[in-house]
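Below is one structure; the comments refer to it alone.
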Amino acid sequence: MEQRIGSGSKPLEGDPVEAEPVKAEPLRTEPVTGAGFDPAFIPGITGPTPTGAVAKDPVDKAPKPTADKPTAEESTVEGPTVEGPTVEEPADAEAEEPPADGPVFEASDRRAKIVADHKGVRLSLDEESCEFRWDEIAAVETESPRFGKRYTVTVHTPDRRWYPIEIEAAARARFKEWDEQLDAVLDAYFEEA
């Protein structure tokens with residue numbers, strides 16, 4: 001007895017074979033977007049790039065008026081026109097806001113800086129910086145090492161993220177002074193929910 005695997009799938013020699021036409025459907029793929037295609041893409045910060053063709057010439061495609069009939073713009077405007085609205089930008093927001101009379105904590109070294117005042121807590125390290133308003137902060141934690149001169153301040157947010165920064169002090173005696181100043185700011189502005 002001979003066993004053949006897959007013998008049912010092959011046609012017998014005497015049977016005529018009819019070929020069925022194969023319908024090939026085009027592949028439907030979505031265009032690649034996001035960080036896989038554009039390294040500068042950050043979700044939530046930048047909008048999606050347009051997928052359609054964009055006209056390179058921003059000129060309006062409206063029909064041009066005839067020379068016989070002047071349009072309303074041509075009849076009322078005399079002299080040079082200004083393109084786009086002119087809006088005066090306000091000066092720096094910090095310059096407009098009056099300084100607060102409450103306590104302020106500032107500590108910095110050659111690379112890092114922390115400022116806590118009536119606006120919130122601002123951390124900066126080299127060229128990078130971040131700012132937290134008081135309603136965005138869940139906790140502020142300080143740590144002074146047993147040895148060494150690096151004072152650590154960690155800002156905790158409600159979404160369980162934390163942002164530590166280390167400030168190098170000139171002397172370990174500054175740790176107590178910084179703790180007192182930061183506690184005064186936290187007592188004045190920080191409200192635990």
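All values reported here derive from a predicted model rather than from experimental measurement. All values below come from the heavy atoms of this structure, side chains included, with hydrogens, waters and symmetry mates left out.
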Gap separating the CG atom of L182 from the CZ atom of F190, nearest 0.5 angstrom: 11.0 Å
R150/E168 ion pair, N-O < 4.0 Å: yes
Mutual orientation of the aromatic rings belonging to Y163 and F132 [parallel < 30°, tilted 30-60°, perpendicular > 60°]: tilted
Nearest heavy atoms of H156 and W162, plus distance in Å: ND1-CB, 3.5 Å
Side chain proximity check, R122 to D117, heavy atoms < 4.5 angstrom: yes
Results of salt bridge (Lys or Arg N to Asp or Glu O under 4.0 Å) for E136 - residues two or more places apart only: R133
Residue pair G148 / F175: nearest heavy atoms and the distance that separates them: O-CE1, 4.0 Å
Gap between atom CD of E166 and atom NZ of K149 - 0.5 Å precision: 14.0 Å
Min side-chain heavy-atom separation T154-V140 under 4.5 Å: no
Interatomic distance, F147 atom CZ to R172 atom CZ [nearest 0.5 angstrom]: 8.0 Å
Distance-minimising heavy-atom pair for A184 and P103: O-CG, 3.7 Å
Closest contact, heavy atoms only, V121 versus A116: CG2-CB, 4.1 Å
Separation between CZ of R110 and CG of D126, rounded to the nearest 0.5 Å: 9.0 Å
For E106 against Q181, the heavy-atom pair lying closest together: O-OE1, 4.4 Å
Min side-chain heavy-atom separation I165-T152 under 4.5 Å: no
Given I167, V153, T142, the one that forms side-chain contact (heavy atoms from CB on, under 4.5 Å) with W178: I167
Residues in salt bridge (Lys or Arg N to Asp or Glu O under 4.0 Å) contact with D159, at least two apart in sequence or another chain: R161
Nearest-0.5 Å distance that lies between atom OG in S129 and atom CD1 in I114: 13.0 Å
Shared hydrophobic cluster for W134 and V115 (ILVMFWY, side-chain gaps under 4.5 Å): no
Stepwise side-chain hydrogen bond (donor to acceptor under 3.5 Å, both in side chains) test for D179 and Y151: CA-CA 10 Å; D179 275 335; Y151 182 72; 2.6 Å; yes
